[in-house]
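As structure tokens, the structure follows; a few thoughts come after it.
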Amino acid sequence: MSEQFPNDAFDADEVINGFKEKFKWPKADEVQAVVKPDKIGLRLIISCVITLIAGGVLYYMMLPAFNFKDSQMYVFFITLIVIFLAVFSYVCGANRKVERKEYVKRKSLVPIIIIGVIIVVMVIGWIVGATIFRARAYSELMPVTDSGFSEDFEEISYDSVPRLDQSRAVTLADQQLGLLSEYKSQYIVSNTTTMINFNGTPVRVAYLEYADVFKWLNNTKQGLPAYMIIDLVTQQVTVVNCFDKFGEGIKYSPTELFNEKVLRHIRFQYPTALLGTPNFEINDEYRPYWITSVLDKKIGLFGGTDVKGVIITDALTGESEYYSIDDVKTNAELQWIDVVYGDALIIEQYNYFGKLKNGFINSIIFQNDVSLTSSGYGYIAMDDDVWLYTGVTSSEGDSSNFGFILCNKRTKETRYYEKGGAMEDAAQQSARDAVQNYGYYATFPILLDIEGQPTYFMSLYGGSNTVKGYALVNLADKTIVGTGLVDNLKSDAKALNAAVENYISALQDKHIIGNDVDMNDYYVDDGNNNSDPKPPAVQDGNKITGTVTSIKTSVNNGNTYYYLEIDNTYYYISVVDCMEVLLVSVGDTVTVTVSDSASGQFVAAVNVSK
């Protein structure tokens, strides 16, 4: 064995370490010379070309505005510089030779300084616009005026407010699209719709989307063929065929993939504008447009977002025109535009007002007169515009609202109403409890005036996502509830009538309003252009014939009594004495036989017949 290893002093570790020394990468402080790569001009040009190509792709995807108030622009330029440094380092071979790496590091000093300057500008711009220093400026972004509930809401009829929210509207549009064979499998209804006031009626307009990329390839040349109008009152869906009406399809929309993608198309037309999200709207002649808010930062460099104008883009041709916000508010020809201020912007600006009007320190520590919007919002159509509604509560997250606001989505006019009561989610829960046997849910409520009482109005819907009934809940007392169900009454109008009848009856039971309410003021059309008024009761001797507006029951001494309300008088009778009362429903016309001496609000009946 010793003959095979004659060198007993052999050290394997020494050999390996020597091998490593020959090939190890030297440290920066061990480099004796900085070598400039040959053909450095060519390498620089190559780096710039690659950076420009990458920058073009990046711009095409990011779409930043070339505007000092757009933070995306700063991110874009920082990214470009980083790309250039990475490409230049690779082209110079800095990853292969350490002496070239040191050369690139030294030449990268100026670009790195530029990145530092950009970051410093961004930080300073943010600081000078921070709420801690500019609380008053933020609180003045949205002027808020106090207004009277009864005066403003007097003309808003409960039968003309939206009965569908966005989710339910899209469901109806999907159902309608499924009936149109020419659109099957090629298109779907967009989940994003816009609520507008169209010829005095609240509607949602929804554009179509290509079902997938292959459907886009097959149809993009001619564009989207139609859009849909969902009437939020009658719940009817109208499909407007653009080919038939205008001779061409919608060429510009969010569902397109390249230059026809609407936001990219507008960005190329207005490269310096701060753009909001385009909203799909139609004018009075049904022509589709994209309404894009042009934003401004009014506080510091990036703070105090507000709207300074709109860009109106023809969805068919792509032609665009800019109008200042003053033009939008005053020009009668632009009255058809409904959505200029987005929901999130309105909520943000009111919260600035509610939190910061007494200073930043107060908003954090003392919180005197600090208020915030509640957790949701809805819409009403009023004065030929769309108004956003939301409750106002304290910063401590109380279980009740102490007021609410309406904000015009076209002009930003904001009105505050000091009306305290249940929060919207509590009202929704009260409505659900009233129909808990059915498992229905309630849409976000809208506040209305019924007999001088601020009242939450909600639609009830089930698992099929379609309207199953209506509920009214009193703002001040959420236990006062009126409901009407479509399946029980076989009519949408009858369900709405029953809801208001039951609600008014509940108000009368608690002596909040008198018994002299004329229900004919509230009955709505039955959908066949026939009004649904209930005739007054007719008395013939001791027989009263009239329409049942509500039914209540009680159990006395083991017997069930039915209380039939006819013209604000309750006629009660035991089931044992009259089995036919079990067959009576709200809305039925019945004849009640009473004794000759009967009088008062509660009258004992001898017999009830239909």
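More than 12 non-hydrogen atoms from other residues, nucleotides or ligands lie less than 6.0 angstrom from NZ of Lys409. The 12-atom threshold is not exceeded at CZ of Phe366, counting heavy atoms of other residues, nucleotides or ligands nearer than 6.0 Å. Around NZ of Lys329, the count of heavy atoms belonging to other residues, nucleotides or ligands within 6.0 Å exceeds 12. Environment of OH in Tyr59: crowded, with over 12 heavy atoms of neighbouring residues, nucleotides or ligands closer than 6.0 Å. In Phe243, the CZ atom is crowded: over 12 heavy atoms of neighbouring residues, nucleotides or ligands sit closer than 6.0 Å. In this structure, Glu418 places its CD atom where only 12 or fewer heavy-atom neighbours from other residues, nucleotides or ligands lie under 6.0 Å away. At most 12 heavy atoms of other shown residues, nucleotides or ligands fall within 6.0 angstrom of atom OH in Tyr90.
Classification of the Tyr389-Tyr456 ring pair by plane angle, with boundaries at 30° and 60°, yields perpendicular. Between Trp290 and Tyr207, the ring-plane angle classifies as perpendicular under the 30° and 60° cut-offs. Under the 30°/60° scheme for interplanar angles, the aromatic rings of Tyr417 and Phe404 are found to lie parallel.
The main-chain N or O of Glu248 is never found under 3.5 Å from a side-chain atom of Gln222 such that the two would form a donor-acceptor pair. Checked by atom type and distance alone, the side chain of Thr201 never pairs as donor or acceptor with a backbone atom of Asn197 at under 3.5 Å. Within the 3.5 Å criterion, the main-chain N or O of Tyr187 finds no donor-acceptor partner in the side chain of Glu209. A distance-only check finds a donor-acceptor pair linking the side chain of Asn283 to the backbone of Glu285 [under 3.5 Å].
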**Prompt:** Can you check side chain to side chain contact (heavy atoms under 4.5 Å, CB included) on Met228 and Leu208, steps first, answer last?
**Reply:** CA-CA 8 Å; Met228 312 187 89; Leu208 301 182; 4.2 Å; yes
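In summary, the side chains of Thr194 and Glu281 do not present any donor paired with an acceptor at a separation below 3.5 Å, with no hydrogens or angles considered. Side chain to side chain, Arg264 and Asn259 fail the donor-acceptor criterion of an N or O pair below 3.5 Å. For Asn408 and Tyr341, the side-chain atoms include no donor-acceptor pair closer than 3.5 Å. Remark: the Asp385 side chain and the Thr411 side chain contain no N/O donor-acceptor pair separated by less than 3.5 Å.
With Tyr286 as reference, Phe198 is the one residue of Tyr227, Phe246, Phe198 to meet the ring-ring contact (aromatic ring centres under 6.0 Å, His included) rule.
You'll find the ring centres of Tyr252 and Tyr289 outside the 6.0 Å limit.
Taking the charged nitrogens against the carboxylate oxygens, Asp306 and Lys297 have no contact shorter than 4.0 Å, which rules out a salt bridge. Looking at Arg287 and Asp314, a side-chain N of the basic residue comes within less than 4.0 Å of a carboxylate O on the acidic one, giving a salt bridge. Contact check on Arg415 versus Asp152 returns a salt bridge, with a Lys/Arg side-chain nitrogen under 4.0 Å from an Asp/Glu carboxylate oxygen.
The nearest pair of heavy atoms linking Gly300 to Val128 is CA-CG2, 3.7 Å.
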